[in-house]
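Hydrogens, waters and symmetry mates play no part in the numbers below; they use all other heavy atoms, side chains included. For this chain, numbers begin at 1 and follow the sequence in order.
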Amino acid sequence: MKRTSLGLGIILLACFALVLFLIFMPIFGNGQNGLAYSDEFFNALAKGSSNHMASMRKLSQGMVGTPFAAEIKMASPQQAQATRILYTQAGAEATVTGAALKISGDLGKVLLNAVADADLLFNEQGENLANLYHYNAKAVLNNWWLSFNKLDAALKKQKNFKQAQVIAEVQKRSLEPAYNFSGIAPSSVGENALLLTLMLGFYVIYTLFYGYGIFEIFEGLGLQMEKSTTKEEV
């Protein structure tokens with residue numbers, strides 16, 4: 001038994017446990033524990049780097065004047081009616097029969113409206129979005145996304161692959177970030193470079209504390225891993 005290694009290992013793991021205890025204490029930010037604080041911090045950075053609304057508006061503008069017509073089926077008649085409002089607001093013609101929604105119009109104008117709605121929710125103006133359509137702001141974005149998903153498939157069946165590709169791009173880079181990051185204040189990596197570096201450095205050092213603590217304890221107890229050099233005789 002190596003007492004020095006064993007003692008060092010115990011000290012390292014004790015420090016690890018103490019820091020872990022502090023991480024779970026509500027002493028960070030506005031009474032948050034360390035996990036909640038870091039989760040909020042990294043979500044804010046992710047949102048700050050996910051604002052592609054300007055490029056999506058430009059992409060959608062390039063589709064203005066492109067006609068489209070398709071019939072999609074929503075989950076229920078109520079959802080079809082709620083989704084119809086979105087398309088008529090964008091200047092398209094939309095009729096509902098049960099859960100089926102028949103749509104035709106200018107694809108670029110529809111996309112521009114969807115991006116504008118996403119931009120409102122992304123910038124925490126959900127109340128304005130809800131007032132525009134008279135129902136929940138996140139439900140508006142959800143209906144845009146679901147209908148675009150079905151519209152994408154319908155246009156591919158028509159071999160209108162370019163239009164389908166643009167729809168998928170708006171879904172991914174406009175609707176999804178707005179929906180997923182709703183309620184989170186954005187932050188830039190540049191403005192938080194020091195804190196980001198410290199947190200990543202802490203993660204590396206903290207992990208090493210645990211690894212070396214286990215290693216030193218095993219070393220102190222005389223447990224070692226050796227590579228066998230014995231050759232099997234034929």
Asks: Enter the distance from Leu112:CG to Asp117:CG here, rounded to the nearest 0.5 Å.
Replies: 11.0 Å
Asks: Are the charged groups of Lys47 and Glu124 less than 4.0 angstrom apart, N to O?
Replies: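 Glu124 and Lys47: salt-bridged.
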Asks: Passes side-chain contact (heavy atoms from CB on, under 4.5 Å), Val189 versus Ser49? Steps please.
Replies: CA-CA 8 Å; Val189 173; Ser49 61; 5.5 Å; no
Asks: State whether a side-chain donor-acceptor pair under 3.5 Å links Asn143 with Tyr135.
Replies: yes
Asks: With side-chain hydrogen bond (donor to acceptor under 3.5 Å, both in side chains) as the test, pick out the partner of Asn160 among Lys157, Lys162, Lys156, Gln158.
Replies: Gln158
Asks: So Glu40 and Ile184, side-chain contact (heavy atoms from CB on, under 4.5 Å) or not? Walk me through it.
Replies: CA-CA 8 Å; Glu40 184 178 279; Ile184 298 172; 5.8 Å; no
Asks: Quick check on the hydrophobic clustering: are Met199 and Leu22 connected, directly or via other members, by side-chain heavy-atom contacts under 4.5 Å?
Replies: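 Yes, Met199 and Leu22 fall within the same hydrophobic cluster.
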Asks: Do Phe161 and Ile72 belong to the same hydrophobic cluster, where Ile, Leu, Val, Met, Phe, Trp and Tyr are linked whenever their side-chain heavy atoms lie under 4.5 Å apart, directly or via other members?
Replies: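 Different clusters.
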Asks: Report yes if the distance between the aromatic ring centroids of Phe16 and Phe209 is under 6.0 Å, otherwise no.
Replies: no
Asks: A side-chain contact here means heavy atoms from C-beta on lying under 4.5 Å apart; do Trp144 and Thr83 qualify?
Replies: no
Asks: Given 3.5 Å as the limit, does a donor-acceptor pair link the side chain of Asp106 with the main chain of Lys109, or not?
Replies: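 Here the side-chain-to-backbone pair exists.
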Asks: Under 3.5 Å, is there a donor-acceptor pair between the Asn123 and Gln125 side chains?
Replies: no
Asks: Determine whether Asp119 and Arg57 make a side-chain contact, defined as any pair of heavy atoms from C-beta on separated by less than 4.5 Å.
Replies: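 Yes. Closest side-chain heavy atoms under 4.5 Å.
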Asks: Is the shortest heavy-atom distance from the side chain of Leu196 to the side chain of Phe41 under 4.5 Å?
Replies: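 Leu196 vs Phe41: side chains touch.
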Asks: Could you check if a side-chain atom of Lys138 sits within less than 4.5 angstrom of a side-chain atom of Leu129, using non-hydrogen atoms only?
Replies: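 A side-chain contact is absent here, since even the closest heavy-atom pair is not under 4.5 Å.
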Asks: Decide, yes or no, whether a salt bridge links Glu176 with Lys172 under the criterion of side-chain N to carboxylate O below 4.0 Å.
Replies: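 Lys172 and Glu176: not salt-bridged.
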Asks: Starting at CG of Asp152, measure out to CD of Glu169 and round the result to the nearest 0.5 Å.
Replies: 11.5 Å
Asks: Side-chain contact test, heavy atoms from C-beta onward, threshold under 4.5 Å: evaluate it for Lys73 versus Lys150 and give yes or no.
Replies: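 When only atoms from C-beta onward are counted, Lys150 and Lys73 do not touch, as no gap falls below 4.5 Å.
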Asks: Do Leu86 and Asn113 come close enough that some side-chain heavy atom pair is under 4.5 Å?
Replies: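 Contact flag for Leu86/Asn113 side chains = no.
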Asks: To the nearest 0.5 Å, how far apart are CZ in Phe202 and OG in Ser38?
Replies: 9.5 Å
Asks: Between Lys102 and Glu93, is any pair of side-chain heavy atoms under 4.5 Å apart?
Replies: no
Asks: Within the structure provided, determine whether Met25 and Asn33 are in side-chain contact (heavy-atom separation under 4.5 Å).
Replies: no
Asks: Would you say the ring centroid of Phe181 lies under 6.0 angstrom from that of Phe122?
Replies: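 No, the ring of Phe181 stays outside the 6.0 Å limit from the ring of Phe122, centre to centre.
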